[in-house]
Every structure is written in structure tokens, then in C-alpha cells.
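Please read all numbers here as calculations on a predicted model, not as lab measurements. Just the heavy atoms: all of them, side chains too, but no hydrogens, waters or symmetry mates, feed the values below.
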Amino acid sequence: MAKQITVSGLDAYYGSHKAIEDVSMTIEPASITAFIGPSGCGKSTFLRTLNRMHEVIPGARVQGKVMLDGQDLYAGDIEPVSVRRMIGMVFQRPNPFPTMSIYENVAAGLRLNGRQAKSKTDDVVERSLRGANLWNEVKDRLNKPGAGLSGGQQQRLCIARAIAVQPDVLLMDEPCSALDPISTLAIEDLMVELKSEFTIVIVTHNMQQAARVSDRTAFFNLAGQGQPGKVIEMDETSRIFTNPSEKATEDYITGRFG
Amino acid sequence: MAAIAVFLVVEAVPALRVNKGDFFSEVIWDPNGTQTFGIAALAFGTVISSLLALVMALPVAVGVALFISHYAPRRLAGLLGYVIDLLAAVPSVVYGLWGVVFLVPFITGPWKFLNEYLGWIPLFAGDSVAGRSVLTASVILAVMILPIIAAISREVFLQVPRSHEEAALALGATRWEMIRMAVLPFGRPGVISAAMLGLGRAMGETIAVALVLPATFGISFQILTAQGNSIAANIANGFGEATPIGRGALIASGLVLFAITLVVNIAARLVIARRKEFSGAAA
Ligand SMILES: Nc1ncnc2c1ncn2[C@@H]1O[C@H](COP(=O)(O)OP(=O)(O)O)[C@@H](O)[C@H]1O
Ligand SMILES: [Mg+2]
């Protein structure tokens, strides 16, 4: 079930280096939110703070608050593992498990929640692959390695793997940057289909992509070399791309820098 | 390679010609005296002592490797990795001497205990429980091959792409679940290769085994009793005072050891190849 994320006053560090500073925003449920901004301004870092993946990097830490429908994700009694089960993630490079078949890849997350009946797993695998618009292409070779698929198919397999565990939110970090234009369109269509069920957050370098798929857009930037990244402006996507309130946003989307 | 093999075969043939026993089934090894000798007991001793060593060493080695690669804080990991590499380079005679001097006297007690309480298991049965037994030799071999298996496994586990580990973590896997999901399957071929290298070392080990085992000839599963031998140990024990026929016989036994090693390696390769398309090599 899609849920809302509310972030307030969030800083994220790598050791002593502050990568993002004082980020506050609301990510609406059942919609697509896009993060844009120049390289290195902390979009990935921020995305990874939302499902507590940031802290798996040695020395990385977070200050501030992230709420998922009123539940504090950084509260002392919350396990990062359970946060990640509620908030799934798709990475920049497709990363299916090479040692697993297509079927096993999709079922991988289910296994973590304990054994279930084969027929039930079969159902979830089919539903997830259908949900990721991949079922028709792979239904005859579910037992073949996931790594044998094309890049675009692998990425949709990763999406199927992420949605199989029924998360509330789906985070995607430049999910199309390693894909060809046709696969990119397939994934964009998929995101639009999925947003009724999941809250989707996508980092993208591709401004057209943000404009095409997202409902709201946040523009990230950094004040200068070595400075932490910040959210400059967040608004309806249509407004960000036609009539932004900040000069920096306008410069970025019109291609004057970045 | 081929030239060496031909030379060895030529050396071995005359001895095999005069052999009064059947080389493959005969248990007795007396090429110098009665000219009756067979590989059966020696080959059996080689295989059982090495297999037991592998069974003991492999889980510990994999555990140590995982601890170093995925659990220990970085400085401790560096230190332990260094120690393991160092241990892997210690000559086997050192392990043999350690076995004879410390392990044999100390281990008789535990073996008696095993024999008394688990004697109903055929492996632990027998009357003459002793420190100089097959299991002791296996323990020494296990200690000897543990560092090499651990060192290679650690290397392999460190090669697991970060993106696979993150894929598992992002699904909500705990560290151990991540290891089972991403690290162990990815490392499997490498660990198998490491295990085979260890097994090969154990089977070829001469000194450590020769120092410990009483060099009897017989086939027995009673691994706690004072008996046992191996091909390599038998060569080390007998080569010096062997007659020409005796030398030929020992060379023949060496060829058998070579054949066993070859079979084991081919089997390992087959096991790895069977899952090749799932190895990640294509990705
Ligand atoms: N694993 C890491 N260790 C240390 N610093 C990092 C790491 N990942 C990113 N950074 C730093 O954090 C800042 C933000 O990076 P990132 O979040 O990847 O930006 P973006 O995704 O917007 O390109 C950069 O200065 C980058 O160098
Ligand atoms: Mg990034």
C-alpha cells in the first residue's frame, strides 16, 4: 500500500564529509516524485537515506527525521532490515543475482520472510513479473539465469524482485541510465502503471524523463565544490519545468549548467 | 609433463610384472621381500585421511574467511588475513612435528572419550584407541590445509560485487541472509576450487602423515585405532632402502596418487561447470 514519506532537517555524512544538508520534503503517496540536479549533489545519497541503505557504507551516518506515514524510520526500536522491506530499491545498474534463475530472483525477497507454499510463491512470482511487464517475455524460461536477459529485461526483473515483497515505496536510482531508449520507455510506462500501488521516487539525469513521468520534482544543487547538496526547490513537475521560482532551477532545466 | 609420466611408467612396469599379488586389490605392500604388493590399503588410507581432513577443515575455513571478509572490523580483518596467509606458507613438516610432539600425546584422551561414548558408530569403534591413528593424521592435515582454503575463500568472498550485496540488503536481508543470498552462491566455484587444492595437498602430504601413522597395511574404518598409512607416507618411508623392484612399486603407487588427484580435480570441474551459466561469469 502506497504510503507518504515526510523528511525533516536531514543531513547525511560520509565520515566527516557532509554530503547533504537540511533536506526537508514531503513525498506524496501513490505518485511519482523525481529528483534532478547535477552530478554529485547528493541525490543518490538522499535516496538511500530513505530506506536506510545509506548506513551500510562504512562511516556513513544520518541526522534528522524520516517518517513513513507517521512512523519514524530512524527510531531506536526500528530495524533497518524492516525499513528496507517496506521501502524497496532499484539500482542504477541492473543487478539480478547471477547465481539465481529468473524465478529465484523474483522469489528472493519472499524467502526472507520464511518458507511459503510453492503454489503461493508461484503466484507471487507471476504477479510480480506481470507487474513488471516481463511475464510474457520470460514465462517459458523461468529457470534460466537472470543474467542471461537483456539490460532492459534485467532492470525489469529487478523491479519485479523489488515489488514481489509488496513494499509501500519504490526507490529508483537512475534506473534507465544504463538502458537503450526502447527499454527506457518500457520502464517509464511501467512506473506510471505502478504508481497506483506504490509511492515511487526516481532519481534521473534525464530531464525529459522527469517531465514525462513524475508528478512532483525536487531540484538538488550544491553551493560549491566540497559543499553539501541541498534541495533548492520542490514543486509540481509542470511548474518546475515551466515556471520555477528559483533562478538556479531555471538555469539547470534550460541547460545553462549541470 | 608427458615425458615425466612416460619415464615413471617405464620405471614402474618391471615391478608390476613381477608382482605376485593383484596391484589394485592387494592390501599387503612387500615389494622388497615377497614381491607381493597392492595399492588397496594405501589408496584407502590416503582417501579416508584426506577426506576427513577436508570435512573438518572446510566449514571452519569458510567460516574464518567469511568472518574476515564480512564481519571483522577492517583492522582486525587485515591482521587476520595476514596471519592466514602466513600460516598457509608454513612448511608441512612443521605441522607434522607439531602433530607428533603436541597433538599425539594430548589427543589420546579425547579419542578414548569418543570411543567410549560414540563407539557404536563404526568409525569410532575399535579396541586399541591410540594417538597415532587416522583421525589424528586427519586433524593435522585439516590444520595444515585450513589456512590455504581460508585464504583463497576470503579472496573469493571479497570479489563478490558490492552491487549484489546491496541488492540483497535492499530486499531487507540481514547480514547473514545477504551472505547466503549473494556471497556464498557467488563464491561457490572458488570455494570448491580451494577445497580441491586443500584436498590435493592433504592427499599428497608425506611427512606429516608419515610421522604420525604407524604404517600398517590394512583396510579399516576404525579411525581411532593405531593403524593406517597413505601412498605418500609409504613412499617417504620406503624409498630410501627400496630394492629396484621396491622403487618401481613405489613409483607405481605414486602414479595411482596422481590418478586419484586427477579424478578429484576433474570431478570438481564438472561440479563447477554444471552451474556455469549461473556463475555470474556471463554478467
Ligand atoms: N560511498 C561514498 N563514500 C564517500 N563519499 C561518497 C560516497 N558516495 C557518494 N559520496 C559523495 O557524496 C556526494 C554526493 O554523491 P551522490 O549522492 O552520489 O550524488 P548524485 O547521486 O547526486 O550524483 C559526492 O560528493 C560524493 O563524492
Ligand atoms: Mg547518483
Side-chain angles (χ1 to χ4, degrees), chain A residues 47-48 50-59 79-102 104-114 143-149 151 154 157-158 161-167 170-173 178, chain B residues 62 66-81 153 156-194 271-283:
Chain A
L47 194 73
R48 291 165 61 97
L50 300 180
N51 67 340
R52 298 192 64 171
M53 279 296 286
H54 178 63
E55 64 206 72
V56 307
I57 294 164
E79 293 281 340
V81 167
S82 65
V83 172
R84 294 174 203 145
R85 288 183 193 184
M86 295 184 283
I87 305 182
M89 185 161 216
V90 175
F91 296 81
Q92 188 166 353
R93 300 212 135 266
N95 57 356
F97 297 113
T99 56
M100 294 185 192
S101 66
I102 292 169
E104 289 167 331
N105 261 287
V106 181
L110 302 174
R111 300 256 153 83
L112 296 175
N113 298 320
N143 293 317
K144 291 271 181 278
L149 299 172
Q154 286 188 26
L157 177 61
C158 292
R161 178 176 67 188
I163 63 178
V165 292
Q166 300 264 318
L170 202 52
L171 308 177
M172 302 191 183
D173 192 351
Chain B
V62 169
L66 277 179
F67 178 75
I68 296 175
S69 65
H70 284 84
Y71 284 90
R74 195 177 307 171
R75 289 185 55 176
L76 180 62
L79 184 73
L80 283 176
S153 302
V156 172
F157 294 150
L158 286 174
Q159 303 281 318
V160 178
R162 187 72 195 144
S163 69
H164 299 163
E165 298 181 358
E166 291 210 331
L169 292 174
L171 282 174
T174 61
R175 181 146 40 172
W176 173 238
E177 286 166 337
M178 179 267 280
I179 284 171
R180 290 208 328 208
M181 199 181 263
V183 178
L184 289 179
F186 186 91
R188 205 181 84 112
V191 172
I192 293 177
S193 301
V271 171
I272 294 171
R274 207 161 48 84
R275 295 272 304 174
K276 190 163 189 64
E277 51 172 354
F278 285 101
S279 69

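Closest of all the heavy-atom pairs between A:Pro145 and B:Phe278 is CA-CE2, 3.4 Å. In terms of heavy atoms, B:Ala182 sits closest to A:Phe97 at CB-CE2, 4.1 Å.
One N or O on the side chain of B:Arg275 and one on the backbone of A:Thr99 form a donor-acceptor pair closer than 3.5 Å.
Once rounded to the nearest 0.5 Å, the distance linking CZ of A:Arg111 with CG of B:Leu171 reads 12.5 Å. Put simply, CG on B:Leu169 and CE on A:Met89 are 11.5 Å apart, with the number rounded to the nearest 0.5 Å.
Contacts between A:Ser101 and chain B at a heavy-atom distance below 4.5 Å involve backbone atoms as well as side-chain atoms. For B:Arg180, no part lies near chain A; criterion is any non-hydrogen pair under 4.5 Å. Of the two parts of B:Arg188, neither the backbone nor the side chain holds a non-hydrogen atom closer than 4.5 Å to a non-hydrogen atom of chain A. With a threshold of 4.5 angstrom between heavy atoms, A:Asn105 does not approach chain B through any atom at all. In this structure, the portions of A:Met100 lying under 4.5 Å from any heavy atom of chain B include both its backbone and its side chain. Within the 4.5 angstrom heavy-atom criterion, no atom of A:Arg52 approaches chain B.
Salt bridge status for A:Arg85 with B:Glu177: present, with a side-chain N to carboxylate O gap under 4.0 Å.
Ranked by heavy-atom pairs shorter than 4.5 Å toward chain B, the options A:Val81, A:Asn51, A:Ile87 are led by A:Val81. In terms of non-hydrogen atom pairs under 4.5 Å with chain A, the most contact-rich of B:Pro161, B:Ala173, B:Ala170 is B:Ala170.
Under the side chain to side chain contact (heavy atoms under 4.5 Å, CB included) test applied with A:Val56, the options B:Arg175, B:Glu166, B:Met178 reduce to a single match, B:Glu166.
A:Pro58 has its side chain within reach of B:Arg74: a pair of non-hydrogen atoms, C-beta onward, lies under 4.5 Å apart.
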